Amino acid sequence: MAVENNERVTVVDHPLVRHKLAVMRDENTSGITFRQAVHEITMLEAYEATKHLLTVPVEVKTPIAPASCETIAGHEPVIVPILRAGLGMLDGMLEVIPTAPVAHLGMYRNETTHEPIEYYAKMPGYIAERQVFVVDPMLATGGSLIAAIQALRSRGVKDLVAMVIVASPEGVEAVLEADSDVRLFTCAIDEGLNEDAYIVPGLGDAGDRIFQTFGTPVTSDLEPAHR
């Protein structure tokens with residue numbers, strides 16, 4: 001499958017996006033700069049991912065004269081960050097859609113089987129009636145995103161958009177095969193995965209770089225959902 005040419009996959013290609021990706025990939029980038037780059041690149045990606053939102057005509061009165069305008073039809077979409085790295089993209093999404101409700105979905109990866117396990121979910125009761133944007137910086141094997149999509153589908157979500165920043169071809173293909181309707185936005189599709197399921201060249205562990213938790217002792221058996 002040529003994932004880059006799939007009509008359900010959009011690679012956001014823009015000079016500012018490419019610049020911020022370079023900043024994020026650099027191992028010498030500080031934690032605060034990395035976090036800010038995630039915030040900014042999410043805003044740029046959200047601009048593309050929301051282009052299909054439906055609008056309705058409205059009439060407003062400017063200080064000079066009446067004007068024919070458009071506004072978003074219906075209710076705001078729900079944003080669902082996958083804990084914990086997805087939280088790094090949340091503020092950028094809310095910068096673009098400040099009134100959007102936020103749901104939370106926690107996933108961790110069994111380090112032996114590499115299978116994702118849901119450990120937390122807090123969602124509004126009306127989520128099935130809204131468009132949903134699920135966000136997570138990295139799409140590696142696809143296991144965590146697939147599990148998140150399945151969790152949302154089981155709650156009745158029909159209109160679902162997934163937003164990541166860096167993806168592997170294997171992860172993209174797995175997600176598209178697992179769900180026939182999800183639309184995927186990413187800022188890059190990299191070469192592939194290494195033996196530890198890290199994206200190559202990737203940008204390392206996004207959660208650790210966002211929250212500056214390198215070398216933090218493990219205090220529970222919950223590990224990052226993916227890399």
Side-chain angles (χ1 to χ4, degrees), residues 4-24 32-82 85-105 122-137 139 145 148-149 152-153 155-167 179-189 210:
E4 297 91 340
N5 298 322
N6 191 290
E7 62 182 8
R8 290 192 288 135
V9 178
T10 300
V11 179
V12 181
D13 185 23
H14 187 281
L16 289 175
V17 169
R18 295 196 295 269
H19 171 79
K20 294 179 192 307
L21 271 174
V23 172
M24 293 171 64
I32 189 170
T33 301
F34 184 91
R35 189 184 306 124
Q36 184 64 27
V38 170
H39 176 90
E40 292 168 352
I41 204 170
T42 300
M43 292 176 60
L44 294 169
E45 186 178 8
Y47 175 79
E48 289 295 324
T50 55
K51 285 176 70 173
H52 63 281
L53 291 178
L54 297 177
T55 61
V56 292
V58 295
E59 291 290 325
V60 300
K61 189 178 185 304
T62 77
I64 308 300
S68 297
C69 302
E70 295 183 17
T71 187
I72 300 299
H75 297 289
E76 297 89 345
V78 177
I79 302 168
V80 184
I82 300 178
L87 291 173
M89 298 177 69
L90 178 58
D91 284 348
M93 293 296 294
L94 291 175
E95 193 86 19
V96 177
I97 318 173
T99 56
V102 178
H104 292 85
L105 185 60
K122 182 68 173 179
M123 304 184 188
Y126 51 76
I127 194 167
E129 303 164 14
R130 300 284 187 97
Q131 183 179 41
V132 170
F133 286 84
V134 58
V135 298
D136 202 11
L139 172 54
L145 184 54
I149 291 170
L152 291 165
R153 295 296 193 203
R155 291 168 169 85
V157 173
K158 298 178 179 64
D159 191 352
L160 184 59
V161 175
M163 290 176 54
V164 303
I165 295 175
V166 177
D179 190 284
S180 60
D181 292 317
V182 68
R183 284 164 290 164
L184 176 65
F185 286 78
T186 183
C187 296
I189 299 178
I210 290 168

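Nothing fancy with the numbering, it's 1 onward along the sequence. No experiment lies behind these values; they were computed from the predicted model shown.
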Please give me the minimum heavy-atom distance between [X] and [Y], naming the atom from each residue.
X	Y	value
C69	V60	SG-CG2, 3.5 Å
L94	A100	CD2-O, 3.8 Å
M123	L105	CE-CD1, 3.8 Å
V157	R153	O-NH1, 3.1 Å
I210	A85	CD1-O, 3.7 Å
D179	R8	O-NH1, 2.8 Å

Let me have the donor-acceptor pairs involving side chains of residues 74-82, under 3.5 Å, with sequence neighbours excluded, atom names and distances please.
from: E76; atom 1: OE2; to: T99; atom 2: OG1; distance (Å): 2.8

Pairs satisfying side-chain hydrogen bond (donor to acceptor under 3.5 Å, both in side chains), at least one member in residues 61-70, at least two apart: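 Qualifying pairs, neighbours excluded: T55-E70, E59-S68.
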side-chain hydrogen bond (donor to acceptor under 3.5 Å, both in side chains) contacts touching residues 14-23 (sequence neighbours left out):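 Sorted pair list: D13-R18, K20-E40.
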side-chain contact (heavy atoms from CB on, under 4.5 Å) against E95, all qualifying residues, sequence neighbours excluded: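 E95 satisfies side-chain contact (heavy atoms from CB on, under 4.5 Å) with H39, M43 only.
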side-chain contact (heavy atoms from CB on, under 4.5 Å) against I32, all qualifying residues, sequence neighbours excluded: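 Partners of I32 under the side-chain contact (heavy atoms from CB on, under 4.5 Å) test: S30, R35.
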Taking atom [atom1] of [X] and atom [atom2] of [Y], what is their separation to the nearest 0.5 Å?
X	Y	atom1	atom2	value
M89	F133	CE	CZ	11.0 Å
T42	L90	OG1	CG	9.5 Å
L184	L139	CG	CG	6.0 Å
I165	D136	CD1	CG	9.0 Å
M24	I41	CE	CD1	5.5 Å

P124 and R130, any side-chain heavy atoms less than 4.5 Å apart: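 Answer no - side chains too far apart.
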V11 vs I189 side-chain heavy atoms within contact, under 4.5 Å: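 With C-beta onward as the side chain, the pair touches.
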Counterpart residues, salt bridge (Lys or Arg N to Asp or Glu O under 4.0 Å), relative to R183 (two or more places apart):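 Scan of R183 (salt bridge (Lys or Arg N to Asp or Glu O under 4.0 Å), adjacent residues dropped) gives D159.
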Working for side-chain contact (heavy atoms from CB on, under 4.5 Å), residues V161 and T50: CA-CA 9 Å; V161 175; T50 55; over 6 Å; no
